[in-house]
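Note that the structure is predicted; figures quoted are calculated from it, not measured.
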There are 2 protein chains.
Amino acid sequence: MHVEAFQRNTRQRKVIIEELRKVDTHPSATELYEMVRSRLPRISLGTVYRNLELLAESGEILKLESGGQARFDGNPARHHHVRCSVCGRVDDVHRSIEDDGLDQVAKLDGYQIQDYRLEFIGICPECQKKG
Amino acid sequence: MHVEAFQRNTRQRKVIIEELRKVDTHPSATELYEMVRSRLPRISLGTVYRNLELLAESGEILKLESGGQARFDGNPARHHHVRCSVCGRVDDVHRSIEDDGLDQVAKLDGYQIQDYRLEFIGICPECQKKG
DNA sequence: TTGCTTGCAAAGGGTTTGCATAGGA
DNA sequence: TCCTATGCAAACCCTTTGCAAGCAA
């Protein structure tokens, strides 16, 4: 994948990404910090934040920003998410909307679906002009 | 619409929703605070936050939470958004995915589309059990 | 008059950042 | 050795909250 952002492979970054890929719970930075600390007790929260930012930029992980604090997903392949409006947990949705249609996807996994949010990310006309 | 959350109709709330409905720029709480202040110079930022929260809960406005700070949308009807990855502006997408398909919708409005995020909101199996 | 809502200011929580040191290449 | 990445702690920013006063009903 894209690794241009990194000039050195540090032990911290290696452990951060390993721990993130072990789970499918979409941990927050603080949660991941605790997970990593069991292997690197002297790591700092700042280092976790810095690496998560770089990893997300380079496309190795996903940063999920809806709902207050950011959560991270070790699986960068396109897939969607369901967030529980009560407890805040985030689960994966592996079906594709293109194949199954929104209605079918929405009914999956035992969730009682209330709504969905679709957001495109791109470059607006003005920013395209500016280069 | 739903107004159960409100017990009194205050001048502050009235002006907040009026100012929000005047624009389609999805202002943040602070931006909206400045807009409202031109009409109510003594309003506090806390009041703006409190009312935006209530208005979003009652369904009168939309709270957009992706990308750091929250932005607000005075149009509560279902529609989607495009966010510029360079300048951060958020525009509306009024076409429906069901009618036009993801690919067509993504090409609209002059944006150079890089990606999209789809998130469902619902109640997870565990929280359903707990009532 | 009643008690919800406001203004004010302080506190809170997540995230970012400056700086000296450590350590990868 | 050279210079990026780290650890630490302070700073930041957005948002929430406690409390006394204000005001809608």
Take atom OH of B:Y49 and atom P of D:dT15, then tell me their distance rounded to the nearest Å.
-> 3 Å
Any A:D73 side-chain heavy atom under 4.5 Å of A:H79 side chain | yes
B:Q7 CD to D:dA25 P: how many Å, rounded?
-> 11 Å
DNA chain C nearest-nucleotide lookup for B:G46 and B:R13: closer to the 5′ end is B:R13
Would you kindly give the CG-to-P distance between A:N51 and C:dT16, to the nearest whole Å?
-> 13 Å
Kindly point out which of C:dC8, D:dG7, C:dT15 is positioned nearest to the side chain of A:R42?
-> D:dG7
Within less than 4.0 Å of OP1 or OP2 of C:dT6, is there a side-chain N or O belonging to B:T10?
-> yes
Counting just side-chain N and O atoms, does B:S44 come under 4.0 Å of either OP1 or OP2 of C:dT6?
-> no
Roughly, in whole Å, what's the span from NZ in A:K14 to C1' in D:dT6?
-> 17 Å
Do A:D92 and A:H81 meet the criterion of a side-chain donor-acceptor pair at a distance under 3.5 Å?
-> yes
Write down the distance between CZ (B:R11) and P (C:dG7), rounded to a whole number of angstrom.
-> 10 Å
Pick from B:L118, B:D115, B:I113: which one makes a side-chain contact (heavy atoms from CB on, under 4.5 Å) with A:F120?
-> B:I113
Quick one: does NZ or CZ of B:R83 land under 6.0 Å from the six-membered ring centre of B:Y116, within 45 degrees of the ring axis?
-> no
A:Q69 CD to D:dT16 P, in whole Å, measures 13 Å
Hey, which sits more toward the 5' end of DNA chain C by its nearest nucleotide, B:R50 or B:R8?
-> B:R8
Sugar-phosphate only, base, or nothing, as touched by A:I43 at under 4.0 Å among non-hydrogen atoms = sugar-phosphate
Take B:T30 and B:Q12, find for each the nucleotide of DNA chain D with the closest heavy atom, and name the residue whose nucleotide sits nearer the 5' end.
-> B:T30
Any salt bridge between A:R50 and A:E53, counting N to O under 4.0 Å?
-> no
With DNA chain D as reference, determine whether B:E53 or A:I16 sits nearer its 5' end, using the nearest nucleotide of each.
-> A:I16
Interatomic distance, A:N9 CG vs D:dC3 P [rounded to whole Å] = 19 Å
Separation of D:dC14 P from B:Y33 OH (nearest whole Å) = 14 Å
